[in-house]
Amino acid sequence: MTKTAERLPATAAPLAPPPSPAGGGRGRRALADQVRAYGFLLGGLICFALFSWYPAVRAVVIAFQRYTPGSAPEWVGTANFRRVLHDPEFGAAWRNTLTFTVLALLVGFAVPFVLALVLNELRHAKAFFRVVVYLPVMIPPVVSALLWKWFYDPGAGLANETLRALHLPTSNWSNGTDTALISLVIVATWANLGGTVLIYLAALQSIPGELYEAAELDGANLLQRVRHVTIPQTRFVILMLMLLQIIATMQVFTEPFVITGGGPESATVTVLYLIYKYAFLYNDFGGACALSVMLLVLLGAFSALYLRLTRSEGDA
């Protein structure tokens, strides 16, 4: 053994390789993960761009043009908006839409909440009744509207036949100017009942049972427990569903289109149905897009309020 080798400690370890630049590998992996993630999202983004974003932008542009298929578009400024505003059906469409929204809130907002309360209190057959309540949601909207159109038939419809069997006065239902709109509200409420009930039911089941026990010890009855425990604990869900229902009911189209055709005497013409008439009956796409932009602005305000409230609740 040489003198040099004798001076080296027996446990000396080999020198480590120089470290790589700090974070270089992690940065490349993060970039690769992002590229891969956006690659998976690319198909969805393309679909949204082609079928949602582009039509929306195109509609805003056409709202300021005189546009008919087969001819070159011509810029007309706000002429489409002025013409739509002077249409006699414009006021009726907005009035019917707002009335439908208010009635839907009064009828279609309270009924699901009460049903959710009842289902939450059941001790037996809960699953069965949940399926029964949710069944209308699984029926296609057009099929549902056709069923109710037969149900409302003033001649041999099931509604009037039942009233005759009970020796009660019959009604014109969807054929009467005074009853047509509320008849459509009943249809829309029935068709969308199931989803709302299940959301309420999930919110009710998340309420701690100790709150109800404390209320019972204080001598609170059922109505007092609902008022002082249930509603305060579910107020956020109630508010969110209210805003979503306003946004949905202001776009009502299927029921008036299938059941009443906007009649009788324009009693059920809604804004969305009037947009359809401008585009496909009057062949006036500029007027249809002008109406669409007006509706877009209004619904955008409610959507912004919804996003603000959900963000505030998430931060809290």
Side-chain angles (χ1 to χ4, degrees), residues 34 37-101 104 140-142 145 184 188 192 240 243-258 260-263 266 268-311:
Q34 290 184 6
Y38 281 107
F40 282 116
L41 289 174
L42 186 61
L45 292 174
I46 291 174
C47 288
F48 271 107
L50 289 177
F51 301 109
S52 294
W53 300 333
Y54 173 74
V57 174
R58 184 67 176 142
V60 173
V61 174
I62 294 176
F64 298 93
Q65 295 177 335
R66 181 180 291 110
Y67 180 87
T68 53
S71 61
E74 176 186 354
W75 285 96
V76 294
T78 59
N80 291 327
F81 292 90
R82 293 195 301 270
R83 186 175 69 258
V84 167
L85 287 171
H86 288 89
D87 186 344
E89 280 193 312
F90 177 84
W94 280 102
R95 183 171 58 253
N96 293 337
T97 301
L98 294 175
T99 304
F100 185 94
T101 301
V142 174
L184 298 187
N192 300 291
M240 292 303 98
L243 289 174
L244 289 176
Q245 186 168 350
I246 290 173
I247 293 171
T249 52
M250 292 199 70
Q251 300 178 77
V252 60
F253 173 76
T254 304
E255 289 81 5
F257 178 74
V258 175
T260 63
S266 300
T268 57
V269 171
T270 60
V271 175
L272 214 61
Y273 188 77
L274 187 59
I275 292 172
Y276 161 80
K277 291 179 69 175
Y278 266 92
F280 299 105
L281 298 182
Y282 307 154
N283 207 28
D284 183 1
F285 287 90
C289 290
L291 266 173
S292 301
V293 169
M294 295 179 191
L295 186 61
L296 173 66
V297 171
L298 183 61
L299 296 183
F302 283 109
S303 300
L305 178 60
Y306 170 77
L307 293 174
R308 181 178 179 83
L309 290 173
T310 51
R311 189 180 298 114

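What you see is a predicted model, and the numbers here were worked out from it, not measured in a lab.
M250 is listed as a side-chain neighbour of L98, based on a closest heavy-atom distance under 4.5 Å. In this structure, F253 and V271 have side chains that are not in contact, with every pair of non-hydrogen atoms separated by 4.5 Å or more. With a 4.5 Å cut-off on side-chain heavy atoms, Y278 and N80 do not count as touching. A 4.5 Å side-chain heavy-atom check between F100 and T270 finds every atom pair outside the cut-off. Counting only heavy atoms from C-beta outward, the side chains of W75 and V61 approach each other to under 4.5 Å. Residues I62 and P73 fail the side-chain proximity criterion, which asks for heavy atoms closer than 4.5 Å. Annotation: side chain of Y276 is not in contact with side chain of V269 (no heavy-atom distance under 4.5 Å). Between I275 and L272, the closest side-chain pair of non-hydrogen atoms falls below 4.5 Å.
The stretch residues 277-300 participates, sequence neighbours left out, in these salt bridge (Lys or Arg N to Asp or Glu O under 4.0 Å) pairs: R83-D284, E89-K277. Listed by first and then second residue, the salt bridge (Lys or Arg N to Asp or Glu O under 4.0 Å) pairs involving residues 61-80 are R66-E74 (not counting sequence neighbours). The salt bridge (Lys or Arg N to Asp or Glu O under 4.0 Å) pairs that include a residue from residues 286-307 number zero, where partners must be two or more places apart or lie in different chains. Sorted by first then second residue, the side-chain hydrogen bond (donor to acceptor under 3.5 Å, both in side chains) pairs that include residues 47-61, not counting sequence neighbours, number zero. For residues 289-305, the set of pairs meeting the salt bridge (Lys or Arg N to Asp or Glu O under 4.0 Å) definition, not counting sequence neighbours, is empty.
Scanning for ring-ring contact (aromatic ring centres under 6.0 Å, His included) contacts around Y306 gives an empty result, with sequence neighbours left out.
In terms of heavy atoms, V293 sits closest to A59 at CG2-O, 4.4 Å. Residues L274 and A93 share a closest heavy-atom pair of CD2-CB, 3.9 Å. Closest approach of P55 to A49, counting heavy atoms only: CD-O, 4.3 Å.
To the nearest 0.5 angstrom, L296 atom CG is 11.0 Å from C289 atom SG. The OH atom of Y67 sits 10.0 Å away from the CG atom of N283 when rounded to the nearest 0.5 Å. Rounded to the nearest 0.5 angstrom, T249 OG1 and L244 CG are separated by 10.5 Å. In this structure, L85 CG and L291 CG are separated by 8.5 Å, a value rounded to the nearest 0.5 Å. Distance check: T260 OG1 to L184 CG gives 5.0 Å after rounding to the nearest 0.5 Å.
For Y282, the OH atom counts as densely surrounded, since its 6.0 Å shell holds more than 12 non-hydrogen atoms of other residues, nucleotides or ligands.
Between the side chain of T268 and the backbone N or O of G263, at least one donor-acceptor pair lies under 3.5 Å.
Using modelled atom types and a 3.5 Å distance limit, the side chains of Y273 and N96 yield no donor-acceptor pair.
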